[in-house]
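Report on one structure; see the data block that follows.
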2 protein chains.
Amino acid sequence: MRGFHRMNAGWWHGRFRGCGYRITLPRQMIIELLNRTTAHLSAEDVYLEVHKMHSDIGLTTVYRTLELLVQMGIVLKFDFGDGRARYELAETSKGRKHHHHMVCTNCGRIIDYADFIDEEIELLSRTEKGLSKKFNFEITNHLIQFYGLCDQCQKTIKRLSRPSVSQ
Amino acid sequence: MRGFHRMNAGWWHGRFRGCGYRITLPRQMIIELLNRTTAHLSAEDVYLEVHKMHSDIGLTTVYRTLELLVQMGIVLKFDFGDGRARYELAETSKGRKHHHHMVCTNCGRIIDYADFIDEEIELLSRTEKGLSKKFNFEITNHLIQFYGLCDQCQKTIKRLSRPSVSQ
DNA sequence: TCACTTATTGATAATGGTTATCATTATCAA
DNA sequence: TTGATAATGATAACCATTATCAATAAGTGA
């Protein structure tokens, strides 16, 4: 709630009106929610959370709004391989840092990292330049993700695969 | 057919038996198909193609086999955002080059590129090293993709958004 | 070669995230 | 306040992928 106002509700309003869209309660609630969390929420997560405050907001609207926000470039949509899309607010000037993701293929845990971002971004923009020149492809977005086993799961797997005494 | 034999059927046989799996006709057909194309086939694509030769191979088996091959690291599974998974043989020593993908968000066209791979790979392996140390995360795989508009679609979009005379 | 264990198959039904439909309601400029 | 139209939400449909399970095939040991 506070975050939304801090981010200047008027800005969102203008951004929406500029595209011919209206700013409505469900849209406000969804933006506010995304703005006050750093979690990787699924559409259902968003629905359940928003539903707590306003039980008349439907799941369909949540899907539609998220899709709209993605189109507008306000929200990023990710697929971490668990069969449902995840959404998070794109980085803004207000403290939200650009980051990439590591996905544990065993437990599904997502780790955000921004440690090696600078080098990555630099290489990416160089690559983008090369690619758009060679293929005349207008690049608007990129995706980098790492997959593997998180700290916890490494231990678990090792414990499970260790031969027992009786064998 | 020829491709399969060139790649040494015995090798596949050993690879499978080593994991306790059997090498069967459907599995052979699917590997052969993937080996003779560079397309990004969906499970249904594979099914339809394999079905031409052996109409008794079922869709379920195709899904299962692809999943198995992914588990074994023989096949890579991609999501290009059109709601269905795409599969391609992982690079082997036989001429298949490691590459990344650009995805046209308008028409869904996929472009393979391997031009800036070396730098990318180098940065990726450095990043992987840093990440696994910092987060104790055992990285087994990575994903890089670029999204944007292909040559064709840029023209189309521009033409469509140009105001008509009557307006 | 035969018998037997077990992996594999494939038709079918079920699952589940996401979208299409459509009548109703809310927004906002005039 | 009004009127044009954007937005909503309950419901049903969609559709890629999985689970089920009886039938079959592959490989092993005798």
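FYI, side chains are in, hydrogens and waters are out, and symmetry mates aren't considered; it's all heavy atoms of this structure.
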Exercise: identify the closest heavy-atom pair between A:F135 and B:D151: O-CB, 4.3 Å
Secondary-structure notation, DNA chain C, from Watson-Crick and G-U pairs under 3.5 angstrom (| other strand): ||||||||||||||||||||||||||||||
A:E120 side chain to A:H142 side chain, donor-acceptor N/O pair below 3.5 angstrom: no
Taking A:H101 as the fixed residue, which of A:Y147, A:Y113, A:F78 is the one that meets the ring-ring contact (aromatic ring centres under 6.0 Å, His included) rule? A:F78
Classify every nucleotide of nucleotides 21-30 of chain D by which part a protein heavy atom approaches to under 4.0 Å, writing B for the base, S for the sugar-phosphate alone and - for neither, in 5'-to-3' order. ----BBSS--
Minimum side-chain heavy-atom gap A:C104-B:F137 below 4.5 Å: yes
Taking the side chain as every heavy atom from C-beta outward, state whether B:I121 and B:H98 have any pair of such atoms under 4.5 Å apart. yes
Identify the heavy atoms of A:E88 and A:A39 that sit nearest to each other, and give their distance. CB-O, 4.3 Å
Nearest whole Å is fine: how far is D:dT8 C1' from A:Y63 OH? 17 Å
A:L59 CG to D:dT8 P: how many Å, rounded? 13 Å
Of all the heavy-atom pairs spanning A:D112 and A:T38, show the shortest one and how long it is. OD2-O, 4.3 Å
Please give, in whole Å, the distance from D:dA7 P to A:I57 CD1? 15 Å
A:L33 side chain reached by A:L41 side chain, heavy atoms, under 4.5 Å: yes
Going 5' to 3' along DNA chain C, between which two nucleotides do contacts with chain B fall, using a heavy-atom cut-off of 4.0 Å? C:dT6 to C:dT12
Calculate the interatomic distance between B:E44 atom CD and D:dC15 atom C1'; express it in whole Å. 10 Å
Side-chain heavy-atom pair A:K77, A:E67 within 4.5 angstrom cut-off: yes
If you find the nucleotide of DNA chain D closest to A:F16 and the one closest to B:A85, which residue's nucleotide is nearer the 5' end? A:F16
Minimum side-chain heavy-atom gap B:N106-B:Q152 below 4.5 Å: no
Which residue in the set B:L68, B:V75, B:V70 passes side-chain contact (heavy atoms from CB on, under 4.5 Å) when paired with B:M72? B:L68
